[in-house]
Amino acid sequence: MTFQLKSREHLGHPTLKRRFNQQLFEVVAPRYHFITRALSLGRDPAWKRRLIDLLPDTGVKRCLDLACGTGDLTLLLQARYPQARVTGLDLTPAMIDLARTRRGAGSIEFVVGDMTATSWPDDSADVITGGYALRNAPSLERALYEVHRVLRPGGTAAFLEFSKPASRAGQWLSYIILKLWGGFWGLALHGNPEVYAYIAESLRLHPDRAALKVLLEKQGLHLKQRRLSFAGLVETLVVEKKG
């Protein structure tokens, strides 16, 4: 597929970014389960298990997994909290269709929706998760506002995401690595380097680690833990809604 939209041109505008992501992930969906492992050299499942291990042990009755993709974190949430109601939400119908076919998905509610406007009631989720969700939000500020609105006071949110260092040298190195590595897999799987090279472009516009912490705190989400992986290219964030 040849994209009519280019990530560099459109990821800075919320409406166009949403449209770009809808186009992109419809293409990616059939290979999403594979590519998350290929891009991470097989480490993605371990990072997701670690994220789940960092969540509270008790008091969890309602969970929301944002940008759930094919349901990796959603299924792990259901296994961790078998008595809880678990919902996976994603912008792309093809992702939701694939998630619903996976073993163990029968007790999970999978819905098509926008992480910046979930329609969930205020203070209704005990736990919110997101795998590579924040970077893909049409508006990061709006997504964090929605996380804060939906999360109950004292509730926990955890995100797995590519990490942007504070230094320009670190940012340049991360960009080059992700551009080349993503471009290789885009060319190999789709005949189009833009398909996964967009990761580098989206990270280019994403806040660096320090700025993201400030943004989280500004939205009323206290950063409790930050763990770096993959030589600092990936991070796990655990936040708590201030009571």
Side-chain angles (χ1 to χ4, degrees), residues 1 3 5 7 10-11 14-37 39-40 44-45 47-48 51-52 55 62-81 84-121 124-125 127-140 142-147 149-151 157-162 189-190 195-196 198-199 202-203 206 234 236-237:
M1 175 178 179
F3 286 107
L5 299 178
S7 56
H10 293 88
L11 291 182
T15 301
L16 295 179
K17 184 177 182 180
R18 183 184 291 105
R19 181 182 168 196
F20 175 84
N21 283 344
Q22 285 174 326
Q23 289 187 358
L24 175 70
F25 286 104
E26 284 289 336
V27 173
V28 168
R31 294 183 171 93
Y32 186 75
H33 193 71
F34 168 79
I35 196 59
T36 55
R37 286 143 180 81
L39 287 170
S40 67
D44 176 75
W47 297 337
K48 288 173 177 171
L51 180 150
I52 296 297
L55 296 173
R62 198 73 174 90
C63 302
L64 173 62
D65 184 27
L66 299 173
C68 68
T70 56
D72 284 354
L73 281 175
T74 329
L75 289 164
L76 289 171
L77 281 171
Q78 185 62 66
R80 175 75 186 273
Y81 305 116
R85 291 179 59 197
V86 176
T87 298
L89 179 146
D90 199 278
L91 188 66
T92 307
M95 290 288 197
I96 293 298
D97 289 343
L98 287 168
R100 287 171 176 158
T101 67
R102 295 183 63 183
R103 179 180 296 180
S107 60
I108 299 171
E109 178 189 29
F110 285 106
V111 297
V112 176
D114 187 334
M115 75 179 85
T116 65
T118 65
S119 77
W120 276 44
S124 56
V127 164
I128 294 177
T129 57
Y132 314 110
L134 298 181
R135 209 176 16 85
N136 288 317
S139 165
L140 177 57
R142 178 63 198 176
L144 293 179
Y145 170 85
E146 187 72 353
V147 169
R149 183 188 69 78
V150 171
L151 204 59
F159 302 100
L160 176 64
E161 191 53 89
F162 288 95
L189 296 179
H190 304 275
V195 176
Y196 301 117
Y198 95 97
I199 296 171
S202 61
L203 188 62
H206 196 63
V234 173
T236 303
L237 303 167

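Across Ala137 and Ala143, no two heavy atoms sit closer than the pair CB-CB, 3.7 Å. Ser107 and Gly104 make their closest contact through OG-O, 3.9 Å (heavy atoms, listed as atom of the first residue, atom of the second, distance).
Defined by atom type and a distance below 3.5 Å, a donor-acceptor pair is present between the side-chain atoms of Thr118 and Glu146. Tyr132 and Asp44 form a side-chain donor-acceptor contact under 3.5 Å, judged by distance and modelled atom types alone. Side chains of Arg62 and Thr87: a donor-acceptor N/O pair is present below 3.5 angstrom, by distance only.
The shortest side-chain heavy-atom distance between Val28 and Tyr196 falls under the 4.5 Å cut-off. Between Asn136 and Phe25 the shortest side-chain heavy-atom distance falls below 4.5 Å. Between Lys48 and Leu76, some side-chain heavy-atom pair lies under the 4.5 Å cut-off. Residues Leu66 and Ile128 meet the side-chain proximity criterion, which asks for heavy atoms closer than 4.5 Å. Side-chain contact between Tyr198 and Arg135: present, with at least one pair of heavy atoms (C-beta onward) separated by less than 4.5 Å. Within the 4.5 Å cutoff, no side-chain heavy atoms of Phe162 are placed close to those of Leu134. Taking 4.5 Å as the limit, some side-chain heavy atom of Tyr81 sits within range of a side-chain heavy atom of Leu77. Asp114 places a side-chain heavy atom less than 4.5 Å from the side chain of Pro138.
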request  = Dump the intermediate steps for side chain to side chain contact (heavy atoms under 4.5 Å, CB included) on Leu73 and Leu51, then the final yes or no.
outcome  = CA-CA 9 Å; Leu73 281 175; Leu51 180 150; 4.0 Å; yes
key: Val112/Leu91 under side chain to side chain contact (heavy atoms under 4.5 Å, CB included): CA gap, chis, key distance, verdict   = CA-CA 5 Å; Val112 176; Leu91 188 66; 6.0 Å; no
ask   = Please walk me through it: do Ile35 and Val195 pass side chain to side chain contact (heavy atoms under 4.5 Å, CB included)?
value = CA-CA 11 Å; Ile35 196 59; Val195 176; over 6 Å; no
query = Going through the checks in order, is the side chain to side chain donor-acceptor pair (under 3.5 Å) test met by Arg102 and Thr74?
reply = CA-CA 11 Å; Arg102 295 183 63 183; Thr74 329; over 6 Å; no
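When atom types are taken as modelled, the side chain of Asp90 and the backbone of Gly69 share a donor-acceptor pair closer than 3.5 angstrom. A side-chain donor-acceptor contact under 3.5 Å links Arg149 to the backbone of Trp120. Thr92 places no side-chain N or O within donor-acceptor distance of the main-chain N or O of Met95, the cut-off being under 3.5 Å. Judged by distance alone, the side chain of Arg37 and the main-chain N or O of His33 form a donor-acceptor pair under 3.5 Å.
One finds the CG atom of Leu160 at 7.0 Å from the CH2 atom of Trp47 (value rounded to the nearest 0.5 Å). Between Ile52 atom CD1 and Thr129 atom OG1 the span is 5.5 Å, to the nearest 0.5 Å. Rounded to the nearest 0.5 Å, atoms SG (Cys68) and CE (Met115) are 10.0 Å apart. Ser202 contributes atom OG, which lies 6.5 Å from atom NZ of Lys17 (distance to the nearest 0.5 angstrom). Here the straight-line distance linking atom CG of Leu75 with atom CZ of Arg80 works out to 15.5 Å at 0.5 Å rounding. Atom CZ of Arg31 and atom CZ of Phe34 lie 9.0 Å apart (nearest 0.5 Å).
The environment of Arg85 atom CZ is sparse: at most 12 non-hydrogen atoms of other residues, nucleotides or ligands sit within 6.0 angstrom.
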